[in-house]
Number of protein chains: 2
Amino acid sequence: MTAPDRERRAASSAAAAAGAQIQRRRRQRGMSQAELARRTGLSKATLSQLEAGAGNPTIDTLDAIAVALSIPLTDLLTRDASPGTVHLPATAASDEGPTRELLRRISGGHSLELWRLRLPAHTSVDGVPHAPGTVEHLLVASGRLVAGPADDSRPLKTGDLLAFAGDAPHAYRTEDVPADVTVVIASPAVG
Amino acid sequence: MTAPDRERRAASSAAAAAGAQIQRRRRQRGMSQAELARRTGLSKATLSQLEAGAGNPTIDTLDAIAVALSIPLTDLLTRDASPGTVHLPATAASDEGPTRELLRRISGGHSLELWRLRLPAHTSVDGVPHAPGTVEHLLVASGRLVAGPADDSRPLKTGDLLAFAGDAPHAYRTEDVPADVTVVIASPAVG
DNA sequence: ACCATTCGTTCACTATAACGAACGAATCCT
DNA sequence: AGGATTCGTTCGTTATAGTGAACGAATGGT
């Protein structure tokens, strides 16, 4: 890469986005730059410049930060906004004939993770906030639970679908019955 | 970061994984290192070392490569889900404590559809072949069925996950018990 | 056979990412 | 108030990511 090329890319969205992301996640955890510096083994100077969007971090630097923040490396490279909560109650199964029902469609540019979440009765689990723009889908395979964003959680039963923003604090909680839940996480990718 | 720290991380999985990923995607496109160097504006030397897993690229370098390969930046940092058919049998639920299990990860650039498929007993349904590159995921919420590509279908029970290429002919078939299946269809974004 | 390309690698050099140290501004104690 | 921390920033220095040139090996044309 030539020097001019590098300059032209200096204000590159990738580096700036990563910087913003680092700052956001750090503050989310009530962590100071100094403390993050201690945990990562990086210098305060480096973090300061990165968060200012001025830097061009190496993959090792980003990895160290991701580890210290307990998030996947890729979460530092994703961005943007989040939708509202959608609750689709289970529909009655028809007695005869197979049914095919479209629950939800999300348009392009997403990465995808499928998780299985098993909760015994009377259990509460906090969800790890994901990258901004991440949408989380809960499909209740069996049981009951209360789940969703901290400020808008819903009671769910077998067959229900709940979609909500995965970048805000959220939690799953069972009461008298255990729950078996499939979680589909769709994250927008930076291209 | 101190010098010893850096050395210790030299064989870091993050850098090595990125290197492997770069090589894989480049070859997939029948592109030589030299040509990728031209398109990215990077030197051949840099690419050679990165693919060898020896490097520690900056975010700008990775971004340039991602752009040249027309893939989201995050794809360079992600292990791709294996392309073939994958069958993940249900795991036993632990008696105590919640379990969180990553079933599958698919890198960016996908649109997403969630379907619910309900099959009465003794029913057979042909799946519509989707666009090339589409991956279909079956999550068995309850019951049993035999499903998958026409030439490689598998018996599935409650809790199983089956992933297979959705662009080939495939079918779902129940025997003595009905089945309730969540289908996640990931299609590569157009463009 | 020969020369011309193109490939991926290695090496010395240059540009720069990350560092350590010092700074002023806030905040919290006596 | 005064001293002690802790914060985030800025500075000069050091370690290293990326460069350009040269290399041997492989391929293609004449």
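Every chain is numbered from 1, with letters handed out A, B, ... down the list of sequences.
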In a table with atom names and distances, give each donor-acceptor pair under 3.5 Å that connects a side chain of residues 175-182 of chain A to protein atoms at least two apart or in another chain.
from: Glu175(A); atom 1: OE2; to: Arg173(A); atom 2: NH1; distance (Å): 3.2
from: Asp176(A); atom 1: OD1; to: His122(A); atom 2: NE2; distance (Å): 3.3

Pair listing, salt bridge (Lys or Arg N to Asp or Glu O under 4.0 Å) test, anchored in residues 41-53 of chain B, at least two apart: Arg26(B)-Glu51(B)
Calculate the interatomic distance between [X] atom [atom1] and [N] atom [atom2]; express it in whole Å.
X	N	atom1	atom2	answer
Asp60(B)	dG18(D)	CG	C1'	12 Å
Leu36(B)	dT6(C)	CG	C1'	15 Å
Leu50(A)	dA17(C)	CG	P	10 Å
Leu62(B)	dG18(D)	CG	C1'	13 Å
Ile59(A)	dA18(C)	CD1	C1'	17 Å

Quick one, give me the B/S/- string for nucleotides 7-13 of chain D, reading 5' to 3', where B means a protein heavy atom under 4.0 Å from the base and S means that only happens at the primed atoms, P, OP1 or OP2. SBBB---
Any side-chain N or O of Thr61(B) below 4.0 angstrom from OP1/OP2 of dA17(D)?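 Answer no for this pair, as no side-chain N or O of Thr61(B) is under 4.0 Å from OP1 or OP2.
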For [X], enumerate each residue passing the salt bridge (Lys or Arg N to Asp or Glu O under 4.0 Å) test, keeping only those at least two apart in sequence or located in another chain.
X	value
Asp126(B)	none
Asp167(B)	none
Arg144(A)	none

Between the side chain of Thr74(A) and the main-chain N/O of Pro72(A), is any donor-acceptor distance below 3.5 Å? no
If you look at every strand shown and take non-hydrogen atoms under 4.0 Å, does Thr58(B) touch a base, only sugar-phosphate, or nothing?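 The residue Thr58(B) makes sugar-phosphate contact but no base contact.
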